[in-house]
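Computed from a predicted structure; not experimentally measured. Just follow the structure's listing: the first ligand is 1, and inside any ligand the first atom is 1.
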Amino acid sequence: MSSWLINGGNRLNGTVHIHGAKNSALPILAATLLVPDYCEIDNCPALSDVDAAMDILRHLGCRVGRKEHTVSVDATVLSGADIPDTLMREMRSSIVFLGAMVARLGEAELSFPGGCELGPRPIDLHLSALRRMGLQIKEEGGRLRCRVERQMTGCPISLAFPSVGATENIILAAVTAKGTTTIFNAAKEPEIQDLCRFLNACGARIAGAGESTVVIEGVKQLTGCRHTVIPDRIETVTYAAAAAITGGSLLLKNIQVEPLQACVPILEEMGCQTTAWKKEWLVTAPPRLRRVRSVRTLPFPGFPTDAQALIMATACVAKGTSVFIETIFESRYKHVGELMRMGANIKAEGRVAVVEGVPQLSGAPVECTDLRGGAALVLAALAAQGTTEISQLQHIERGYEAFAEELQQVGADIKTVAR
Ligand code: UD1
């Protein structure tokens with residue numbers, strides 16, 4: 001187990017190239033199961049979650065390879081219909097394999113994802129939608145045993161909440177189902193649009209991706225294609241926040257501007273100057289950040305819950321009081337206690353957190369509690385006086401490729417130590 005020693009206080013300056021989106025790559029890799037052919041996925045980030053998805057595909061009989069950022073999957077012949085508990089536990093979002101497995105194989109056995117670091121993560125919306133499409137599901141001893149009599153059947157499905165994972169699972173189950181599936185109140189995240197672009201390139205007939213009503217006409221068979229994953233909008237916001245908190249200036253390359261629309265005004269309210277071109281974003285911070293009045297997390301196109309901890313870290317050193325309201329997950333303030341160890345002044349109760357900015361944070365030993373909470377600690381450490389030791393880095397490795405190296409090359413003082 002290693003940890004990072006970060007000496008804070010360096011202004012970050014330079015250019016960072018943004019990697020492909022984790023949350024796009026994962027459902028797209030699950031979708032390759034639907035294609036009895038060869039697919040190539042470019043701009044696929046090298047992350048432990050992506051490795052876990054590749055391991056699941058291998059376990060199911062696919063031939064999977066990686067050459068730099070291109071992952072190839074040959075799912076012509078499959079040999080299994082179960083995901084062992086160890087693989088399910090490696091990545092909670094592996095539930096997104098369910099829709100693809102039952103569509104391709106007619107059956108699936110996997111573990112219930114259970115609780116995770118963001119609190120309970122129910123899958124009731126996934127299961128009730130798949131049941132409506134004809135799936136029989138038995139829940140026994142923490143395992144889900146699923147079987148479809150003949151073929152998944154399309155139908156209208158209204159989601160009580162626009163769940164990203166449930167929308168993806170329904171789309172995956174519907175693409176080769178009999179008839180038409182219409183999803184009402186579907187999630188509109190850019191990663192869902194990317195998944196649908198991949199599937200349509202393979203011959204699927206999906207209309208309305210990115211809108212709240214998605215219509216999927218089942219097709220008989222899909223054929224392989226080559227697809228490029230969209231840039232990671234949360235990684236983009238992370239580096240923007242790193243520029244902001246260190247009073248620096250970063251040019252972020254290979255980005256998409258459109259999905260950042262809810263984040264740009266927040267950074268600007270805090271006093272950052274931002275200039276966007278088609279695929280680049282320059283973020284320049286003022287000497288001292290100002291508070292942001294309120295940050296309310298919402299489904300896309302609202303402010304992303306995955307960026308809440310990142311902006312909270314920057315608010316810790318801003319002048320004035322910032323208020324955060326987390327509406328998506330029940331328990332997404334685990335980073336608060338760790339930020340307070342570094343001198344942050346935060347009061348969190350239920351879904352609300354009030355941050356009173358302090359002039360300076362100070363280095364302390366802290367532990368990553370989850371992926372984005374861990375990245376928030378790195379941001380705080382970059383601005384803190386003295387040395388911060390950050391442990392439990394496996395959380396960060398789930399979602400940031402070469403994070404320490406990228407930060408070092410724009411001026412951060414980070415050392416990796418073995419513990
Ligand atoms: C995805 C993202 C995650 C992001 C989240 C919200 C991936 C791999 N992960 O997670 O990074 O933070 O979207 O943007 O893409 N819910 C239910 N029942 C269900 C499903 C969800 O109650 O059946 C609830 C969840 O507990 C949560 C909320 O709905 O409170 C949002 O969950 P969802 O949109 O499904 O998030 P994920 O797909 O798990």
Inset, instruction - Give yes or no for whether the N/O distance cutoff of 3.5 Å, strictly under, is met between Pro162 and ligand 1. - result: no

Legend entry - Proximity winner for atom 19 (C) of ligand 1, if only heavy atoms of Pro27, Pro122, Ser94 are counted: Pro122

Legend entry - Close N or O approach (Asn23, ligand 1; < 3.5 Å): yes

Legend entry - Test of proximity, Asp306 against ligand 1: N or O pairs below 3.5 Å: yes

Inset, instruction - Taking only Lys NZ, Arg NE, NH1 and NH2, and the carboxylate oxygens of Asp or Glu, determine whether Lys334 and Glu326 approach each other closer than 4.0 Å. - result: no

Inset, instruction - Would you check whether Asp124 has a nitrogen or oxygen atom less than 3.5 angstrom from a nitrogen or oxygen atom of ligand 1? - result: yes

Inset, instruction - Under the side chain to side chain contact (heavy atoms under 4.5 Å, CB included) rule, what do Ile157 and Cys155 come out as? Steps first, then yes or no, please. - result: CA-CA 6 Å; Ile157 295 167; Cys155 64; 3.9 Å; yes

Inset, instruction - Considering only NZ, NE, NH1 and NH2 on the basic side and carboxylate oxygens on the acidic side, decide whether Arg58 and Asp51 come within less than 4.0 Å. - result: no

Inset, instruction - Check each atom of ligand 1 against the heavy atoms of Ile123 and keep those under 4.0 Å away; list them by number with element. - result: 19 (C), 23 (O)

Legend entry - Contact (N/O only, under 3.5 Å) between Ser93 and ligand 1: no

Inset, instruction - Number the atoms of ligand 1 from 1 as they appear, then name those within less than 4.0 Å of a heavy atom of Arg332, with their elements. - result: 12 (O)

Inset, instruction - State the atoms of ligand 1, each with its element, that fall below the 4.0 Å cut-off from a heavy-atom position in Thr305. - result: 6 (C), 12 (O), 14 (O)

Inset, instruction - Tell me, with the steps shown, if Lys22 and Glu191 meet salt bridge (charged side-chain N to carboxylate O under 4.0 Å, His left out). - result: CA-CA 9 Å; Lys22 167 180 85 76; Glu191 293 76 22; over 6 Å; no

Legend entry - ligand 1 N/O within reach of Leu26 N/O, cut-off under 3.5 Å: no

Legend entry - Pair listing, side-chain hydrogen bond (donor to acceptor under 3.5 Å, both in side chains) test, anchored in residues 165-185, at least two apart: His126-Asn169

Inset, instruction - Could you tell me whether Ile328 approaches ligand 1 through its side chain, its backbone, both or neither, with non-hydrogen atoms closer than 4.0 Å? - result: both

Legend entry - For His126, atoms of ligand 1 separated by under 4.0 Å from a heavy atom: 20 (C), 23 (O)

Inset, instruction - Indicate whether any N or O donor in one side chain lies under 3.5 Å from an N or O acceptor in the other, for Thr70 and Glu40. - result: no

Inset, instruction - Number the atoms of ligand 1 from 1 as they appear, then name those within less than 4.0 Å of a heavy atom of Phe161, with their elements. - result: 28 (C), 29 (O), 31 (C)

Legend entry - With Thr15 via side chain to side chain contact (heavy atoms under 4.5 Å, CB included) - residues at least two apart: His17, Leu251, Lys253

Inset, instruction - Determine whether the side chains of Thr369 and Gln392 contain a donor N or O and an acceptor N or O closer than 3.5 Å. - result: no

Legend entry - Test side-chain hydrogen bond (donor to acceptor under 3.5 Å, both in side chains) applied to Gln308 and Arg332, His335, Arg372, the passing residue: His335

Legend entry - Sub-3.5 Å N/O-N/O distance, Gly165 and ligand 1: yes

